[in-house]
Amino acid sequence: MENQALLRLDNIHKSFGQTEVLKGISLDVQAGEFVTLLGPSGCGKTTTLRIIAGLETATSGRVLVEGKDVSALPPEKRPVNTVFQNYALFPHMNVFKNVAYALTIRRVKKDEIRQRVQRMLELVQLSGFDRRMPSQLSGGQRQRVAIARALVLEPKILLLDEPLGALDLQLRRQMQVELKNLQERLGITFIYITHDQEEALNMSTRIAVMNEGHFEQVGTPEDIYERPVTRFAASFIGQANILQGVVEEKAEGRSRVQLEQGGTIFVNEALEPGTKIAVSVRAERIDYAKEAGYGFQVPGVIERHSYIGGVLRTTIKLSGGQELLITGANPSSHYPDGCAIQVFWDPDTAAVVERS
Amino acid sequence: MEKKRHISLSVWPLYIWTVLFVALPLVYVVVISFLQRGDTWGVTDQVTIDNYVKMVDPMYGSIFLETLAMAVLTTALTFLFGYPFAYYVCKLPARLRGVMILLLMAPFWINSLCRLNGWMILLKSNGVINSLLLNLGIIDEPLKLLYNFGAVVVGMVYALAPFMILSCYNSIEKMDWSVVEAARDLGASAWKAFVTVTLPLTMPGVVAGCVLVFVPSMGLFFISDLMGGAKTVLIGNLIRTELTAARNWPFGAALSMVMLLATVGIIWVYKRVSGSKSLGDLM
């Protein structure tokens, strides 16, 4: 058998009554990966996680851990643990008892429990908080307790359901780094849910972009960002401009495209003339000047400039009326509002996200 | 200033009501409990503590004990029956939950004596249950289902179970079930998760329910009267008899005072255990 996946989701469907929440999800996760399920709320990412944990049963399809079908096992029999969205700490137990819970249930010896809980609390930097009740902790501290509690059994796979969702931005950034470090240090596989693209891009080894119960694209953060394969993946992550057009001429490894909005561009893909396509270009990849580059012919007018911190954000209106959003360092003084310019980009940095 | 006076004015009826119907009668009972019984009727003006001393008699002691046993048994049974029931109702879809609670409350609109009569029709020797069993040939002669300790327990549990159920329901309904899922996720079986998480977290409702059942079960006299056939004498029955048939008001009053103190004691313990500040939390 070639390179058996640690976790395999095999064509999982899930319906709640008439509503189909998951429409055939398949995914292989290797040991040590940090896989993020990224998508808008209601896309089915929490349901996917709950099916892996055993808190929900799939309507059809299988969950395999190390090649073993665990679909029929109750949650307590699965080698995965979960960090819940709202932490779900036991409010009637102090920090020590919360973290020790899984060990107590397994009747581990008292001494060993104490050692392992202490080690976990050190790991999440909460030593000395043993006797605190969850109600006496801050959001960030509760988060750490939830992580320690889920890690105490040293599970093969840790499931995290928007673990940082309730924290403020600064704490969130800090916890992102800590979580990533923790994952690398322990070598545990993380399946992580978030709807925050920045979080997904900066933590994951792979991202699965989810939409309406299926995966739009699964790939490395760079793949997802630079080479989106669907319109949804392109527009959900980063600031993408999507342009529609028709292929006019095919050449070696590239095609000339006539835009609906007026103008011609090139894409680095050989497509049959007459194919209708949509092209996605990142806001920071677009350039503009008096003279176009790469053989492009896309005239436009500077609509407005605005500063957003370190970069300049420019809106350009194409002749057909569509607005392009561009972030970059072009000085606004050279191209004042209302100035007519040519828009272009390196065809390598654009992705064809639709073809028909 | 103006506002303060306004509030105190609006609260006046409450004060008057409390003084007139709670405080004064209570004082009256306290006073009577320290007086001597009149020869034929009422009381004399002789002050005495005989009424309290008299209770030390083992006969009354055994009545106290039996009352206590009945109250403990009733409370335990209502819990064993009521908690699972409340749990089950909480797991129903919201619409059905309302219906179940309504069904639970509905009997309160019927006089409790009528409801007890219903039980008697079911249980008596030529009643529904016995006739059914006889006709089916399961038994040869009627079972003695009524007029014993068991019948009184049935009546008590029936009358007081809704208080336990509603109280437990209140607590269980507020449960955050993700905590139970966390327990399962960490390796607890469904039962283990219930014992270590659900039950402790719903304890406030259980304790409140116990108080709500335990306290009245010590004072209910008509159930043991009707269903126990006057063979099961509880404090409530004794007080009733002393006040009516025996016409010994002072002793009845003294017994009532002891009951009242016992009740206050239980509520005090409840407040210590649950840490609640107001009795309103009971409901």
Side-chain angles (χ1 to χ4, degrees), chain A residues 16-17 46 49-56 73-94 97-108 113 117 120 133-135 142 145-155 157-163, chain B residues 79 83 86-87 90-99 167-211 269-277 281-282:
Chain A
F16 292 112
T46 295
L49 207 71
R50 288 173 63 83
I51 287 174
I52 301 173
L55 296 168
E56 210 86 68
L73 294 181
E76 66 266 25
K77 297 255 165 66
R78 297 192 185 195
V80 300
N81 287 116
T82 309
V83 175
F84 288 83
Q85 190 166 16
N86 56 357
Y87 318 138
L89 297 181
F90 305 124
H92 58 304
M93 298 181 194
N94 61 26
K97 285 186 175 162
N98 261 283
V99 178
Y101 186 82
L103 302 173
T104 317
I105 288 288
R106 281 173 177 72
R107 299 177 194 283
V108 175
I113 291 183
V117 171
M120 277 303 139
M133 297 305 278
S135 57
R142 277 181 221 181
V145 176
I147 291 166
R149 186 179 69 172
L151 282 176
V152 79
L153 288 176
E154 290 158 21
I157 302 167
L158 187 69
L159 310 173
L160 302 102
D161 188 358
E162 300 213 23
Chain B
F79 168 70
Y83 192 95
Y87 188 92
C90 284
K91 291 289 187 180
L92 290 174
R95 193 174 43 83
L96 275 177
R97 237 181 290 160
V99 174
S167 184
C168 290
Y169 174 83
N170 251 337
S171 255
I172 299 170
E173 206 207 4
K174 290 194 197 99
M175 268 292 288
D176 170 11
W177 296 104
S178 68
V179 180
V180 179
E181 290 188 336
R184 296 294 303 279
D185 187 70
L186 292 166
S189 63
W191 172 249
K192 255 274 154 60
F194 173 76
V195 173
T196 55
V197 176
T198 314
L199 193 58
L201 286 178
T202 51
M203 231 352 129
V206 174
V207 174
C210 286
V211 173
V269 169
Y270 162 75
K271 286 176 75 171
R272 288 300 297 269
V273 169
S274 68
S276 92
K277 300 215 168 34
D281 293 356
L282 272 177

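Computed from a predicted structure; not experimentally measured. Letters A, B, ... are given to chains in the order of the sequence lines, protein chains preceding strands, and every chain is numbered from 1.
- Proximity to chain B is absent for every atom of A:Ala146, based on heavy atoms less than 4.5 angstrom apart.
- Looking at A:Arg78, neither its backbone nor its side chain comes within 4.5 Å of chain B, counting heavy atoms on both sides.
- Both the backbone and the side chain of B:Asp185 come within less than 4.5 Å of a heavy atom of chain A.
- The shortest side-chain heavy-atom distance between A:Leu153 and A:Arg106 falls under the 4.5 Å cut-off.
- Counting only distance, with no hydrogens or angles, the side chain of A:Arg149 and the backbone of A:Tyr87 share a donor-acceptor pair below 3.5 Å.
- Only the backbone of A:Leu89 comes within less than 4.5 Å of a heavy atom of chain B; no side-chain atom from C-beta onward does.
- The closest side-chain heavy-atom distance from A:Val145 to A:Pro134 is not below 4.5 Å.
- Within the 4.5 angstrom heavy-atom criterion, atoms from both the backbone and the side chain of A:Phe90 approach chain B.
- At a cut-off of 3.5 Å, with distance as the only test, no side-chain donor of B:Tyr87 or B:Thr198 sits close to an acceptor on the other residue.
- For the pair B:Ser178/A:Asn86, a side-chain contact is recorded, criterion being any heavy-atom separation below 4.5 Å from C-beta on.
- When the candidates A:Met93, A:Arg50, A:Gln85, A:Lys77 are compared by the number of heavy-atom contacts under 4.5 Å with chain B, A:Arg50 comes out ahead.
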